[in-house]
Amino acid sequence: MKHKTPLLDQLESGPWPSFVSDLKQEAEVRAKNVNGVNYQIPVDVCEDLLGVLELSFKHKRTHWKHGGIVGVFGYGGGVIGRYCDQPEMFPGVAHFHTMRISQPAGKFYTSKYLKQLCDLWQFRGSGITNMHGSTGDIIWIGTTTPQIEEIFFELTHTLNQDLGGSGSNLRTPSDCIGAARCEYACYDTQNLCHTLTNDYQDELHRPAFPYKFKFKFDGCPNCCVASIARSDMSFIGTWKDDIRLDQKEVKAYVGGEYAPNAGAHSGRDWGKFDIQKEVVALCPTGCMRYEGGKLEINNRECTRCMHCINVMPRALRIGNDRGLSILVGAKAPILDGAQMGSLLVPFVKAEEPYGEIKEVIEAVWDWWMEEGKNRERLGELIKRQGFQKLLEVTNIKPMPQHVKEPRSNPYIFWKEDEVEGGFTGDINEFRKYHQR
Ligand code: HEM
Ligand code: HEM
Ligand code: SF4
Ligand code: SF4
């Protein structure tokens with residue numbers, strides 16, 4: 001290797017797959033170049049990355065310069081520019097831009113497709129990736145500015161593949177695997193994710209918003225893509241009718257024929273499955289009963305938390321009248337504190353072409369794009385102008401499900417037309433009855 005990396009070398013031990021070993025392996029592959037690739041960026045890019053990382057370990061600080069604005073013509077985002085602050089020491093990573101590649105919904109791949117991506121990235125980039133970025137994109141880590149358009153041309157013309165989002169725009173939507181592999185899926189998360197990604201390509205590629213905006217799609221309240229915490233607009237599947245219940249299968253759980261939670265806790269002895277203790281008593285609303293070998297659910301009181309279904313997936317199933325809830329406003333702490341999504345639409349059908357869902361999205365955008373301050377997330381606009389304003393712009397009637405609890409302070413705003421006589425009183429009229 002080009003640089004000594006004593007600190008990083010320590011991370012090659014231990015059982016977890018070592019990113020250091022992998023980077024060294026890629027460095028070696030590039031150096032040997034058995035396929036005779038005509039590398040378009042420095043051959044030793046991986047070695048210089050290890051070098052600058054070692055320096056950062058030593059200094060306990062980053063060695064990337066501030067910012068970086070690069071991209072492709074026609075788009076306002078998708079590439080995150082980055083330059084090393086020690087370019088003489090590490091010329092291989094003097095330019096080290098990241099490209100975001102839009103991933104397929106659910107992240108299902110064929111090896112043929114991945115091989116094509118790898119060939120392109122070996123040729124015009126570092127060969128280093130992140131599978132995947134937290135938002136969902138395939139991340140290509142490290143290339144030079146002149147390669148960006150070349151890569152983009154090849155991606156679009158040969159691989160029929162677009163970039164992902166970055167900047168003050170709609171970021172790359174992502175979803176749980178949903179109906180492809182999960183019997184809890186209340187709607188086709190992949191189809192909705194894919195459809196909206198295509199429908200809102202313009203909003204994704206050309207920043208037009210006050211700040212970033214993310215969509216995520218969870219098939220049920222288990223939230224495997226964490227939409228409630230990581231997307232400004234979170235779509236979470238649910239059902240409206242009764243949980244489907246198979247008493248014969250319930251008996252099989254009670255009799256020990258099936259492991260609870262599909263065997264998720266088999267690594268430890270938790271004793272024999274106790275339906276009363278592990279299901280009925282843990283139901284958050286206490287709406288279940290197990291008597292005389294029969295399980296009963298009072299579905300009116302069920303909040304669809306998924307617990308009982310998660311414990312006995314072979315006996316209990318989601319209802320047949322399915323749709324999703326829309327929650328809004330999740331964000332990380334900066335500026336005014338972390339937020340999770342707040343319930344806006346308790347239930348909407350998720351059927352193509354998703355007209356009702358798009359109406360909500362576009363009403364929210366119309367409001368936020370006009371009223372949002374510079375770099376103000378939707379969640380912060382909701383705090384600043386009020387949830388009531390959000391309900392007005394989306395034309396949604398306030399309902400008890402919109403709150404966890406009613407307000408306790410009495411600083412209540414009334415609209416003038418709700419108040420008899422309005423807000424324009426005459427002091428002289430008042431004085432007629434009340435002397436100074
Ligand atoms: C008919 C006459 C008045 C009525 C009905 C009235 C009523 C109220 C009410 C309902 C509040 C709010 C209580 C709360 O925070 O829960 C309040 C607060 C207050 N009122 Fe009055 N008030 C009257 C006259 C006055 C006058 C003449 C003064 C002062 C000269 C005054 C000074 C204040 C102050 C300083 C507060 C507290 C404000 C705050 O907490 O920030 N009020 N009043
Ligand atoms: C300049 C004269 C006065 C001022 C500025 C004044 C101001 C206030 C304020 C700010 C409050 C608290 C309101 C709130 O709950 O937010 C209050 C409460 C009260 N004031 Fe006065 N006040 C005055 C005179 C009087 C007088 C003369 C009386 C009775 C003779 C009186 C009886 C009360 C009572 C009973 C309360 C309610 C206390 C409570 O809720 O625990 N105040 N006053
Ligand atoms: S969120 Fe629900 S539907 Fe989606 S993968 Fe997880 S458990 Fe299945
Ligand atoms: S889904 Fe949750 S709230 Fe509903 S019956 Fe099961 S445990 Fe109770």
Side-chain angles (χ1 to χ4, degrees), residues 103-108 132 134-136 173-194 196 214-231 233-247 249-250 253-254 260-265 273-291 294-327 330 340-341 343 346-350 401 404:
Q103 86 288 3
K107 305 189 180 87
F108 288 90
H132 300 71
S134 343
T135 299
S174 61
D175 62 332
C176 76
I177 58 168
R181 286 276 191 285
C182 181
E183 55 221 46
Y184 302 163
C186 299
Y187 70 100
D188 189 341
T189 55
Q190 292 188 41
N191 191 46
L192 183 55
C193 182
H194 186 75
L196 295 186
K214 296 179 186 170
F215 287 155
K216 280 189 169 59
F217 306 89
D218 277 309
C220 82
N222 282 332
C223 257
C224 294
V225 79
S227 68
I228 195 170
R230 304 192 301 147
S231 59
M233 204 175 248
S234 156
F235 302 83
I236 304 179
T238 188
W239 64 94
K240 265 209 303 202
D241 53 350
D242 292 353
I243 291 178
R244 287 173 292 156
L245 202 160
D246 186 331
Q247 300 289 357
E249 301 286 67
V250 172
Y253 277 103
V254 173
N261 294 80
H265 307 296
F273 175 59
D274 180 342
I275 189 168
Q276 183 60 38
K277 191 170 134 211
E278 293 173 48
V279 181
V280 177
L282 292 182
C283 169
T285 64
C287 71
M288 307 184 87
R289 192 159 63 179
Y290 185 71
E291 259 174 29
K294 253 189 92 182
L295 186 66
E296 276 171 56
I297 300 174
N298 176 4
N299 283 278
R300 265 184 70 80
E301 297 300 323
C302 164
T303 59
R304 293 152 181 87
C305 74
M306 296 297 295
H307 176 71
C308 58
I309 300 177
N310 288 337
V311 177
M312 303 192 291
R314 302 178 78 141
L316 301 175
R317 290 171 198 275
I318 59 170
N320 285 320
D321 189 2
R322 299 169 198 163
L324 56 83
S325 304
I326 305 178
L327 295 86
M340 303 241 273
L343 183 69
F347 188 88
V348 57
K349 284 272 178 196
Q401 288 87 341
K404 186 169 168 236

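Whatever order the structure lists them in is the order used to number ligands and atoms, beginning at 1. In this chain, residues are counted from 1 in sequence order. Just the heavy atoms: all of them, side chains too, but no hydrogens, waters or symmetry mates, feed the values below.
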**Request:** Please round to the nearest 0.5 Å and tell me the distance separating atom CG of N320 and atom CD1 of I243.
**Result:** 12.0 Å
**ligand 3 atoms in contact with Y184 (distance to a heavy atom under 4.0 Å)** = 3 (S), 7 (S)
**Complete:** Heavy-atom proximity to atom 2 (Fe) of ligand 3, picking from C176, C220, A180, A185, points to C220
**Asked** Is there an N/O/S atom in C283 that lies less than 2.8 Å from atom 8 (Fe) of ligand 4?
**Response** yes
**Protein heavy-atom partner closest to atom 4 (Fe) of ligand 4 - residue, atom, separation in Å** = C302 SG, 2.3 Å
**Request:** For residues A185 and A179, report the shortest heavy-atom separation together with the two atoms involved.
**Result:** CB-N, 3.3 Å
**Request:** Please identify which atoms of ligand 3 are closer than 4.0 Å to at least one heavy atom of G219.
**Result:** 1 (S), 3 (S), 4 (Fe)
**Prompt:** So which protein heavy atom does atom 3 (S) of ligand 4 come closest to, and at what separation?
**Reply:** T303 N, 3.5 Å
**Fill in**
C308 heavy atoms within 4.0 Å reach ligand 4 at atoms 1 (S), 5 (S), 6 (Fe), 7 (S)
**Request:** List every atom of ligand 4 that sits less than 4.0 Å from any heavy atom of C305, numbering the atoms from 1 in the order shown and giving each element.
**Result:** 1 (S), 2 (Fe), 3 (S), 7 (S)
**Item:** Ligand-residue contact atoms, ligand 3 with C223, heavy atoms, under 4.0 Å
**Value:** 1 (S)
**Prompt:** Just wondering, do F215 and D175 contact through their side chains at under 4.5 Å, heavy atoms?
**Reply:** no
**Message:** If you take the nearest heavy atom of each of A226, G106, G237, C224, which one is closest to atom 6 (Fe) of ligand 3?
**Reply:** C224
**Asked** Looking at SG of C220 and CE of M306, how far apart are the two atoms once the value is rounded to the nearest 0.5 Å?
**Response** 3.5 Å
**Prompt:** How does P221 reach ligand 3, if at all, at less than 4.0 Å between non-hydrogen atoms: by side chain, backbone, both, or neither?
**Reply:** neither
**Fill in**
Within 4.0 Å of some non-hydrogen atom of N222, the atoms of ligand 3 are 7 (S)
**Prompt:** Closest non-hydrogen protein atom to atom 5 (S) of ligand 4, residue and atom name please, with distance?
**Reply:** C287 SG, 3.6 Å
**Fill in**
of all protein heavy atoms, closest to atom 8 (Fe) of ligand 3 is C182 SG, 2.3 Å
**Fill in**
dist W239:CH2 -> Y187:OH (nearest 0.5 Å) comes out at 14.0 Å
**Asked** If you round to the nearest 0.5 Å, how far is CD1 of I297 from OH of Y290?
**Response** 13.0 Å
**Message:** Using 30° and 60° as the class boundaries, would you call the ring planes of F217 and F235 parallel, tilted or perpendicular?
**Reply:** parallel
**Prompt:** Would you call K349-D321 a salt bridge at under 4.0 Å N-O?
**Reply:** yes
**Prompt:** Is any side-chain heavy atom of P173 less than 4.5 Å from a side-chain heavy atom of L196?
**Reply:** no
**Message:** When you measure from atom 2 (Fe) of ligand 3 to the N, O or S atoms of C186, does any of those distances fall below 2.8 Å?
**Reply:** no
**Request:** Find all atoms of ligand 4 within a distance of less than 4.0 Å from any non-hydrogen atom belonging to M288, and give their numbers and elements.
**Result:** 5 (S)
**Nearest-0.5 Å distance, OG of residue S231 to CD1 of residue I236** = 7.5 Å
